[in-house]
Amino acid sequence: MHKEIEKKWQQRWDEKQSFRAYNDYSKPKYYPLVEFPYPSGQGLHVGHPRPYTALDIVARKRRMEGYNVLYTMGWDAFGLPTENYAIKNKIHPAIVTEDNVKRFKEQLRSLGLSFDWSREINTTDPNYYKWTQWIFIKLFENGLAYKKEMDINWCTSCKVGLANEEVVGGVCERCGGTVVKKAKSQWMLKITEYAERLIDDLDDLDYIERVKAQQKNWIGKSTGMELDFKTTSGDVLRIYTTRPDTIYGATYMVVSPEHPLIDERKDLITNYDALMAYRAEAKLKSDFERTELNKDKTGVVIEGIKAINPASGEEIPVFISDYVLMSYGTGAIMAVPGHDTRDWEFAKAFNLPIIEVVKGGDVQNEAYTDSEEGIIVNSPLIDGLSVAEAKESIADHFEKLGIGVRKVNFKLRDWVFSRQRYWGEPIPLVSCPSCGWVALPESELPLTLPEVASYEPTDNGESPLSAMTEWIETTCPKCGGHAHRETDTMPQWAGSSWYFLRYCDPDNDQEFASMDALNYWMPVDWYNGGMEHTTLHLLYSRFWHKFLFDIGKVNTKEPYLKRTSHGMIMGENNEKMSKSRGNVVNPDDIIGEFGADTLRTYEMFIGDFEKSVPWSDNSVKGCRRFLDRVWNFADEVVPGDAFSKELEITMNKTIKKVSEDYETLKFNTAIAAMMSLINEFKKVEHINRAEYGTLLKLLNPVAPHITEELWESLGFEGMITEQSWPTFDPNKTVEDVIEMAVQINGKVRGLISIPVDADAAAAKALALEDEKIKLFTDGKTIVKEIYVPGKIFNIVVK
RNA sequence: GCCGAAGUGGUGGAAUUGGCAGACGCGCCGGACUCAAAAUCCGGAGAGGUAACACUCGUGCGGGUUCGACCCCCGCCUUCGGCACCA
């Protein structure tokens with residue numbers, strides 16, 4: 001039954017192009033966006049439809065409200081799993097991708113999502129990645145792409161570079177071999193140049209708070225100063241600190257094991273070998289392991305060089321330790337064990353002096369760090385000042401002396417943009433011996449991936465493309481001389497950093513999208529995606545968008561007006577769904593047995609949309625039962641074009657509730673309200689066409705097929721998809737008389753029937769008539785009455 | 001470890017955001033229909049307590065604020081997401 005109905009309406013929507021987004025700029029537009037999937041070999045699992053259905057509900061509601069809606073789908077198809085599958089099975093990744101996309105698309109279509117499939121895009125399509133390459137060239141031309149030596153994970157036995165994910169517990173996931181850091185010259189994007197704006201512009205956006213907080217913390221802005229420490233070797237060690245006020249407590253220094261001073265002053269250092277041994281050890285650890293707070297602090301003192309505290313003039317030792325990273329600040333810190341937890345632990349481990357410079361804690365027992373209101377002590381220049389005052393005063397002092405400067409720092413690091421892989425966009429640059437790095441002219445884009453015999457990374461750490469001599473050898477676009485192509489490819493993040501722009505104008509072969517189309521459709525009105533994309537993808541795409549704004553290619557400084565997040569759907573055992581755990585549920589099975597409408601209803605009813613939730617096969621039935629009940633009522637509908645007196649309030653209330661809940665991600669309570677409405681329908685003599693038709697419209701975004709079918713079979717005009725959204729009369733959403741709880745000392749002891757707008761005196765009179773209330777008030781004195789109209793009446797007695 | 005969330009019956013969750021905790025659904029129990037089962041329909045239930053009421057307890061744990069706390073504050077515990085080459 002459901003199979004025929006669903007097929008019928010999916011075909012009819014196609015024929016009538018019901019969900020086509022027209023570039024009809026006279027109508028108000030709405031642009032809802034969901035994260036496009038990576039088409040994996042496993043096909044869709046039941047987690048995918050959750051966000052798609054949610055915004056499908058919004059999209060369908062908006063169309064019924066008269067908007068021109070752009071809701072569409074695409075494929076983020078470059079990536080490691082496809083490449084690894086291709087290597088293993090000796091199939092071209094393009095073919096693997098094609099198969100996966102085909103399967104994903106069939107599955108998505110069977111869900112009855114109202115995507116405009118004419119705008120489908122694929123990041124691996126040369127007509128798409130032409131523009132990804134084009135944007136990269138613009139970044140390069142604007143000085144935002146540069147080359148830098150960066151460490152990659154290197155498996156010493158496979159002799160390949162590994163993604164972080166492929167390094168499990170410090171060893172190679174495939175062969176168990178040792179993984180080390182290996183320096184490699186990589187393309188970097190200067191996202192740090194946008195750090196300030198990426199934080200500041202969040203203020204005007206309607207992102208859920210936790211997303212904003214994650215973005216802010218990831219960018220990690222801190223205000224402090226850079227300060228020079230002289231050394232006994234006659235050098236200057238520049239440190240970064242957010243606490244210049246604690247300078248007198250700096251009893252030692254720590255530099256990163258990679259700090260250049262060590263090699264520059266090799267001759268003065270008497271324990272160079274020990275330092276080198278420590279550096280080698282640190283190389284094996286990730287930054288994450290290095291900065292862990294609760295691990296034992298390790299380090300080696302540099303023998304032969306001491307530093308001089310610029311405030312106290314005392315000589316202090318200099319250590320190397322892995323908790324100081326070369327990539328943050330200046331790679332050197334002043335250590336104030338009295339007021340920094342990691343410094344304190346290090347000082348304890350190495351028996352270094354701990355000096356109290358801010359009053360309030362017991363620094364011999366633990367670092368005193370929450371010191372914003374503390375008073376400075378043991379610091380001749382700033383004694384008696386508050387921490388805030390001292391920061392300013394000492395900063396002024398050092399700036400005057402010319403040995404320090406106020407500095408804002410960010411945790412955010414530049415974006416490593418090179419991959420030594422095959423399945424990614426080729427970086428469209430050539431290296432010319434006389435001109436340096438030169439971008440390809442636009443006419444040579446897209447630079448397509450060459451056919452190679454092996455997609456396997458080479459054993460020298462270079463991309464598979466590096467083995468393609470005839471592809472690499474080229475001429476310099478600038479001087480015409482002999483030159484080499486870049487053989488690294490872009491990371492998968494590239495294609496997904498601008499895809500929402502392409503949806504606006506997907507077939508344009510002159511530009512990535514016309515300004516007309518962008519002016520009309522952008523910004524995205526509502527972007528929903530997983531919390532797991534909150535830091536990287538969201539930040540990268542905001543960065544690219546801001547860059548495109550700066551060069552005048554897009555019309556808004558931010559891509560997304562609103563960002564919400566959905567929870568994951570877990571397996572029935574409440575573990576993440578995965579093939580290896582054997583708890584994956586395939587939507588095809590549910591659609592086969594119960595239908596797409598039931599699956600959609602269940603996915604929306606299953607729980608709080610923003611929280612993760614375990615799948616339950618059993619509960620699916622309940623949603624099917626609900627739809628069956630809706631179906632069965634069709635036979636009992638009587639004529640009538642207005643709500644009956646009996647149902648008037650209920651109908652208005654339900655329209656209000658459902659309309660509001662669809663806007664606030666509360667799909668579960670919207671469906672519960674419609675279930676309650678059906679329960680009300682059972683209680684009354686008749687339901688008429690107005691009432692039933694309204695229910696169908698409210699339910700349509702969730703269960704589009706069955707509601708279309710019922711709409712048609714009852715002889716309503718046109719398709720339900722083309723109808724306008726029901727409205728309600730606010731005056732008819734509340735009952736005149738309500739049941740109010742009466743409390744004695746905060747505990748509910750009785751109920752009174754009272755007009756909603758009654759005053760306290762009326763409530764009191766009614767309450768004191770109540771037999772049960774009398775039991776609690778008789779012989780007691782009323783000391784206080786709290787009356788909240790429409791809510792509660794509380795009597796405090798003694 | 002750091003950053004961000006979450007913890008409510010047997011179970012998924014709800015609670016107008018400080019005002020009757022457990023809506024709605026699943027599962028369970030009982031009944032109707034049936035030769036029987038399935039499906040469907042009707043009814044029941046947080047725990048303790050009572051013949052039935054009454055009453056007591058109850059939103060991860062321990063404190064606090066308030067007439068009143070799932071909701072606000074302080075201190076913990078557990079689980080989940082992210083940690084820069086998974087997407």
Side-chain angles (χ1 to χ4, degrees), chain A residues 35 37-38 40 76 78-81 150 152-153 161-167 186 191 209-218 220 286-289 291-295 327 341-342 411-421 491-493 496 530-537 539-540 565 567-568 570 574-576 602 605-608 610-623 625-626 628-629 632 657 666 668-669 671-676 679 682 739-751 772 775 783-786 788 790-797:
Chain A
E35 286 166 344
Y38 175 74
S40 70
D76 188 15
F78 278 126
L80 260 188
M150 289 297 290
I152 61 167
N153 299 309
L162 299 175
N164 283 348
E165 200 196 40
E166 297 172 297
V167 183
Q186 309 255 48
I191 189 172
E209 272 314 310
R210 58 199 160 114
V211 170
K212 280 193 189 182
Q214 285 282 52
Q215 293 250 312
K216 277 186 192 161
N217 292 337
W218 184 256
S286 67
D287 289 356
F288 164 41
E289 290 165 320
T291 52
E292 238 176 302
L293 199 59
N294 73 339
K295 63 148 196 173
S327 54
T341 309
R342 282 177 301 189
K411 280 209 194 84
L412 184 68
R413 307 203 292 261
D414 277 340
W415 176 3
V416 185
F417 201 69
S418 303
R419 299 292 183 272
Q420 293 72 48
R421 295 282 177 172
Q492 156 283 331
W493 307 106
S496 61
M531 272 317 275
E532 69 273 23
H533 295 117
T534 301
T535 42
L536 299 179
H537 161 66
L539 207 62
Y540 290 155
S565 237
M568 257 196 289
M570 316 292 267
N574 205 15
E575 283 175 22
K576 206 169 170 171
Y602 177 60
F605 184 64
I606 188 168
D608 184 337
E610 303 193 71
K611 288 187 208 153
S612 69
V613 63
W615 181 263
S616 161
D617 269 334
N618 260 331
S619 304
V620 177
K621 281 186 218 152
C623 291
R625 244 176 245 170
F626 163 59
D628 284 342
R629 271 173 217 160
N632 291 334
K657 175 83 181 148
K666 293 179 166 181
N668 52 339
T669 50
I671 292 167
M674 290 186 280
M675 289 173 168
S676 297
N679 293 341
K682 275 187 230 162
E739 292 285 293
M740 181 182 282
V742 180
Q743 299 181 329
I744 305 292
N745 295 345
K747 291 203 168 169
V748 179
R749 298 297 182 182
L751 286 173
K772 251 178 85 183
L775 233 79
V783 292
K784 198 171 180 182
E785 291 157 33
I786 297 106
V788 185
K791 287 194 174 160
I792 200 99
F793 185 50
N794 186 14
I795 304 170
V796 184
V797 298

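In what follows, chains carry the letters A, B, and so on, assigned in the order in which the sequence lines appear, proteins first and then strands, with residues in each chain numbered from 1. Owing to the predicted nature of the structure, the values given are computational and were not obtained by experimental measurement.
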* Choose from B:A14, B:C85, B:U56 the nucleotide whose nearest atom is closest to any side-chain atom of A:Lys747. => B:U56
* Structure fact -> salt bridge (charged side-chain N to carboxylate O under 4.0 Å, His left out) filter on A:Asp608, not counting sequence neighbours, yields A:Lys611
* To do: Quick one: the dot-bracket string of RNA chain B, using Watson-Crick and G-U wobble pairs with both distances under 3.5 Å, [ ] for crossing pairs and | for bases paired to another strand.
  => (((((((..(((......[....))).(((((.......))))).(((......)))..(((((..]....))))))))))))....
* To do: Report yes if a side-chain nitrogen or oxygen of A:Lys772 is closer than 4.0 Å to either non-bridging phosphate oxygen (OP1 or OP2) of B:C20; otherwise report no.
  => no
* Structure fact -> Closest to the side chain of A:Gln214, out of B:G27, B:G19, B:G4, is B:G4
* Can you tell which of B:C85, B:A87, B:A15 lies closest to the side chain of A:Lys666? -> B:A15
* **Any A:Arg210 side-chain N or O less than 4.0 Å from OP1/OP2 of B:C3** => no
* Structure fact -> Expected label for B:G81 (glycosidic angle, syn inside 90° of 0, else anti) would be anti
* Would you call B:U11 syn or anti, using the 90° rule around 0? -> anti
* To do: Would you kindly give the CE-to-P distance between A:Met150 and B:A84, to the nearest whole Å?
  => 11 Å
* Expressed in angstrom and rounded to an integer, what is the separation of A:Met568 atom CE from B:G12 atom P? -> 17 Å
* Asked: Given that A:Asn217 and A:Tyr602 both sit by RNA chain B, which one's nearest nucleotide is further toward the 5' end?
  -> A:Asn217
* To do: Find which nucleotide of RNA chain B each of A:Asn632 and A:Arg625 is nearest to by heavy atoms, and output the residue with the more 5' nucleotide.
  => A:Arg625
* To do: Classify the ring geometry between A:Trp415 and A:Tyr540 as parallel (under 30°), tilted (30 to 60°) or perpendicular (over 60°).
  => parallel
* **Distance test, side-chain N/O of A:Lys657 to OP1/OP2 of B:A23, below 4.0 Å** => no
* Between B:G27 and B:C77, how far apart are the C1' atoms? Round to whole Å, please. => 30 Å
* To do: For nucleotides B:C70 and B:G9, find the distance between their P atoms and express it as a whole number of Å.
  => 14 Å
* **Interatomic distance where NZ belongs to A:Lys216 and P belongs to B:C83 [whole Å]** => 21 Å
* To do: Flag the pair A:Glu610 / A:Arg210 as yes when at least one side-chain heavy-atom distance between them is below 4.5 Å, and no otherwise.
  => yes
* Could you measure between the two P atoms, the one in B:A47 and the one in B:A52, and give it in whole Å? => 14 Å
* **N/O donor-acceptor pair, side chain A:His533 with base B:A87, under 3.5 angstrom** => yes
* Proximity to the side chain of A:Asp608 - top-ranked nucleotide from B:A14, B:G19, B:C85 -> B:A14
* Whole Å only: how far is the CD atom of A:Gln215 from the P atom of B:G81? -> 20 Å
* Rounded distance in Å between the P positions of B:C86 and B:G81 -> 16 Å
* To do: State, yes or no, whether a side-chain contact exists between A:Met674 and A:Phe626 at a heavy-atom distance under 4.5 Å.
  => yes
* **Separation between the P atoms of B:A54 and B:G22, rounded to whole Å** => 15 Å
* To do: Using the P atom as the reference point in each nucleotide, state the distance between B:U17 and B:G62 in Å, no decimals.
  => 29 Å
* **A:Gln420, nearest nucleotide to its side chain (from B:C85, B:G13, B:A21)** => B:C85
* Take the protein atom CG of A:Leu536 and the nucleotide atom P of B:G81, then report the distance between them rounded to whole Å. => 16 Å
* To do: Measure from the side-chain heavy atoms of A:Ile606 and tell me the nearest of B:G12, B:U56, B:C24.
  => B:G12
* With P as the reference atom in both, quote the distance from B:C71 to B:A21 in angstrom, rounded to an integer. => 14 Å
* **Candidates B:C85, B:A23, B:C20 - which lies nearest the side chain of A:Arg419** => B:C85
* Asked: Could you give all pairs that pass the side-chain hydrogen bond (donor to acceptor under 3.5 Å, both in side chains) test and reach residues 739-749 of chain A, with sequence neighbours left out?
  -> A:Glu739-A:Ser753
Using a cut-off of under 3.5 Å, enumerate the N/O to N/O pairs linking the protein to nucleotides 66-70 of chain B.
| unit_1 | atom_1 | unit_2 | atom_2 | d |
| --- | --- | --- | --- | --- |
| B:C67 | O2 | A:Asn794 | ND2 | 2.3 |

* **Side chain of A:Ser619 - closest among B:A87, B:C26, B:C55** => B:C26
* With the side chain counted from C-beta on, respond yes when A:Gln492 and A:His537 share a heavy-atom pair under 4.5 Å apart, and no when they do not. => no
* To the nearest Å, give me how far apart CG (A:Leu539) and C1' (B:A87) are. => 16 Å
* **Interatomic distance, A:Met531 CE vs B:G4 P [rounded to whole Å]** => 10 Å
* A:Arg629: salt bridge (charged side-chain N to carboxylate O under 4.0 Å, His left out) partners, not counting sequence neighbours -> none
* To do: Measure the shortest side-chain to side-chain distance between A:Val796 and A:Ile786 over non-hydrogen atoms and say whether it is less than 4.5 angstrom.
  => yes
* To do: Return yes when atom NZ of A:Lys212 has more than 12 non-hydrogen atoms of other residues, nucleotides or ligands closer than 6.0 Å, and no otherwise.
  => yes
* To do: Please list, chain by chain and in numerical order, all residues satisfying ring-ring contact (aromatic ring centres under 6.0 Å, His included) with A:Tyr38, sequence neighbours excluded.
  => none
* Structure fact -> Ranking B:C85, B:C41, B:A87 by distance to the side chain of A:Arg629, first place goes to B:C41
* Take the protein atom CZ of A:Phe793 and the nucleotide atom P of B:G19, then report the distance between them rounded to whole Å. => 18 Å
* Judged by atom type as modelled, is there a donor-acceptor pair below 3.5 Å linking the side chain of A:Tyr602 to the main-chain atoms of A:Trp615? -> no
* If you check every side-chain atom of A:Met675, which of B:C85, B:C24, B:A23 has the closest atom? -> B:C24
* Asked: Any side-chain N or O of A:Lys411 under 4.0 Å from OP1/OP2 of B:C2?
  -> no
* Atom pair CE (A:Met740) and CG (A:Leu751), whose distance is rounded to the nearest 0.5 Å -> 10.5 Å
